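The structure displayed is predicted, hence computed values, not measured ones. Order of the sequence lines sets the chain letters (A, B, ...), proteins ahead of strands, with each chain counted from 1.
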Amino acid sequence: MSEFAKKVLTAAKRIPRGQTRSYKEVAVAIGQSRAYRAVASVLAKNIDKTVPCHRVIKSDGSLGGYNGLRGEKEELLRREKIS
DNA sequence: CGTATGACGTGCA
DNA sequence: GTGCACGCCATAC
């Protein structure tokens, strides 16, 4: 796994439960603020269960994609946020 | 090695 | 406020 991907996954793991971070914020967190595109690509191809990638959303607050694991990103996030 | 694609973001109409 | 087009980085083919 590339270091970049590792950083992305780590950043995602650092996201507190009940909260969300935008792809751009994650990119900035790993030191590559302009790689938010790559962040999305990495997360898309690396569906790691150890990573709460469902907490990573778009900057405007939209859920974005999240396809692989459940497909119920909305409900999952909602449950975490409300709790 | 070069081209195309994607869970995006920002700007302009 | 919504929609379209361009730009960005890394990965896949």
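If you check every strand for non-hydrogen atoms under 4.0 Å, A:Ser41 touches a base.
Here the P atom of nucleotide B:dC8 and the CD atom of A:Glu25 are 16 Å apart, to the nearest Å. The CG atom of A:Leu63 sits 14 Å away from the P atom of B:dA7 (whole-angstrom rounding).
The backbone N or O of A:Thr50 lies less than 3.5 Å from a partner atom in the side chain of A:Asp48, making a donor-acceptor pair.
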Could you list the protein-to-nucleotides 1-4 of chain B atom pairs, N/O on both sides, closer than 3.5 Å?
none

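Closest heavy-atom contact between A:Tyr23 and A:Leu43: CE2-CD1, 4.0 Å.
Of all nucleotides in DNA chain C, those with any atom nearer than 4.0 Å to a heavy atom of chain A start and finish, going 5' to 3', at C:dG7 to C:dA12.
Remark: A:Arg21 CZ to A:Ser59 OG distance equals 11.0 Å, nearest 0.5 Å.
Contacts between residues 26-40 of chain A and DNA chain B, defined by a heavy-atom separation below 4.0 Å, involve A:Tyr36, A:Arg37, A:Ala38, A:Ala40, listed by number. Of the residues in residues 2-9 of chain A, those placing a heavy atom less than 4.0 Å from an atom of DNA chain C are A:Ser2, A:Phe4, in numerical order.
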Which donor-acceptor pairs under 3.5 Å do side chains of residues 31-42 of chain A form with protein atoms, sequence neighbours excluded?
| from | atom 1 | to | atom 2 | distance (Å) |
| --- | --- | --- | --- | --- |
| A:Ser41 | OG | A:Arg37 | O | 3.3 |

Let me have the donor-acceptor pairs involving side chains of residues 1-15 of chain A, under 3.5 Å, with sequence neighbours excluded, atom names and distances please.
| from | atom 1 | to | atom 2 | distance (Å) |
| --- | --- | --- | --- | --- |
| A:Glu3 | OE2 | A:Lys6 | NZ | 3.2 |
| A:Thr10 | OG1 | A:Lys6 | O | 2.7 |

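Where A:Lys45 and A:Ser22 each meet DNA chain B at their nearest nucleotide, the meeting point lying more 5' is that of A:Lys45.
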